[in-house]
Amino acid sequence: MMTIYDIAREAGVAASTVSRVVNGKPGVKEETRRRILALLEKYHYSPDVAARGLVKQSTRMVGILIEDIRVSHHIESAFVIEQELTKRGYCSIIMGAGAEEEKKLESIRLVEQRRVEGVALIGSMFSGEAVQRGIESYLSGIPVVLVNAYMELPNVSGVVIDEEKGVESCMELLHGRGRKRIAFVTDQETPSNRRKLEGYRRKCREYGLNPEPLIYRVGERSVEEGRRMTERLLTEHPETDGILYSIDLIAAGGVRAAVDKGYKLPEKLALMGIDNSIYGEMCNPKLSTLDNRRYDSSVIAAELLRLGMEEGIRSQRRLLPCRILERETT
DNA sequence: GGTCCGCTGCTTGTCAGTGC
DNA sequence: GCACTGACAAGCAGCGGACC
């Protein structure tokens, strides 16, 4: 790789003169400038980012951690944050942190070693004790933004999606359509799912319904598990007339199961997912869903991170309301 | 074996020098 | 005095060699 010294040697000038040309600074004779520009072009010169970072005391690098890079709504969120920060001249490192708390801690340590200037943690799973320890130990000097989580630390901001209220409004919609036995199918135990369940339980109590027998948990996040669990639910509780799912992915399996069992949707059974993903769009009939505004929350997260890195503005909490997107299953 | 020092990598900003 | 150019220090982390 050509360095500024190689170009300078060939141009017959000092490295600092080449540096002036590279950075478009004044104080270089036009003829010298043209000669250096021709060499830069000839050798496809590109400044060494690490070396530039030494002088500027800035790497323009950010870390984006996701629990599992196979989860579509998290990777979409990472994509939006990465795109927003790229527009501002930052380069992103995207890493899968793993499900275990200690692995998350290790990922935080690894990303810190890359000398990032800010970190985004995507998903409510990044709100545990080990993550907090990791932030305090390794990231205390830089801004951190949590997407769909929050932590009371001086350098941490969070964009929290109000899924608890969102689920309550789903319940209000279903109840308003005359549904009396509404079940809830959830996936893994996460802070986000706990908030959703809280909203579900509160509305059940309000409607005089015992929620616990109607809460079903799938073993893993998959369409097949959603289908299997919905079949079981409809067999054990045939009187069920509404089902709310913690994510669209398992709701898609639920739609399949209900259609296969001959349920008329939504007349006999109303179904709703959460997260407004492509799965809901692809269902037949199309799934009504709770739009948790992934794009908006990711844009806000990117902006909070940028403000933290460039203006030192830290520790903000933004609460984002959800909205219902009605399609054909309600 | 432990500690200290100097060097390497590359770029940038500043100050000093040169020539007209 | 001004335009232009060169020399050099600084920034950080890691490595190797010298020394105790």
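Quick note on labels: first sequence line is chain A, next is B, and so on, each numbered from 1. Given the structure is predicted, the values throughout are model-derived calculations rather than measurements. Note that these values count all heavy atoms, side chains included, but never hydrogens, waters or copies made by symmetry.
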Open item on the list: Can you confirm whether more than 12 heavy atoms, excluding those of Glu31(A), are under 6.0 Å from its CD atom?
Closed with: no
- [ ] Tell me whether Leu197(A) is reachable from Val185(A) by hopping between hydrophobic residues (I, L, V, M, F, W, Y) whose side-chain heavy atoms are closer than 4.5 Å.
- [x] no
- [ ] Identify the residue among Glu172(A), Glu164(A), Glu198(A) that makes a salt bridge (charged side-chain N to carboxylate O under 4.0 Å, His left out) with Lys203(A).
- [x] Glu172(A)
Task: Heavy-atom donor-acceptor pair, Arg179(A) side chain to Gly176(A) backbone, under 3.5 Å - done: no
Task: Separation of atom NZ in Lys29(A) from atom P in dC4(C), rounded to whole Å - done: 8 Å
Task: Nucleotide dG9(B), atom C1' - distance to CG of Asp6(A) in whole Å - done: 12 Å
Open item on the list: Minimum heavy-atom separation for His175(A) and Ile182(A), please, with both atom names.
Closed with: N-CD1, 4.1 Å
- [ ] Output yes when at least one side-chain N/O atom of Thr17(A) is less than 4.0 Å from OP1 or OP2 of dG6(C), else no.
- [x] yes
Task: Nearest-Å distance for atom pair CE/P, residues Met61(A) and dC12(C) - done: 17 Å
Open item on the list: If I take atom CZ in residue Arg34(A) and atom P in nucleotide dC4(C), what distance separates them, rounded to the nearest angstrom?
Closed with: 13 Å
TODO: Using salt bridge (charged side-chain N to carboxylate O under 4.0 Å, His left out) as the criterion, point out the one residue from Arg202(A), Arg195(A), Arg205(A) that pairs with Glu168(A).
DONE: Arg202(A)
Open item on the list: Can you tell me if Tyr5(A) touches the phosphate of dG6(C), counting only side-chain N or O atoms and a distance under 4.0 Å to OP1 or OP2?
Closed with: no
Open item on the list: Using a 4.0 Å heavy-atom cut-off to protein, can you give one letter per nucleotide of nucleotides 13-20 of chain B, 5' to 3': B if the base is in contact, S if only the sugar-phosphate is, - if neither?
Closed with: BBB-----
Task: Phosphate contact (dA13(C) OP1 or OP2) by Arg115(A) side-chain N/O below 4.0 Å - done: yes
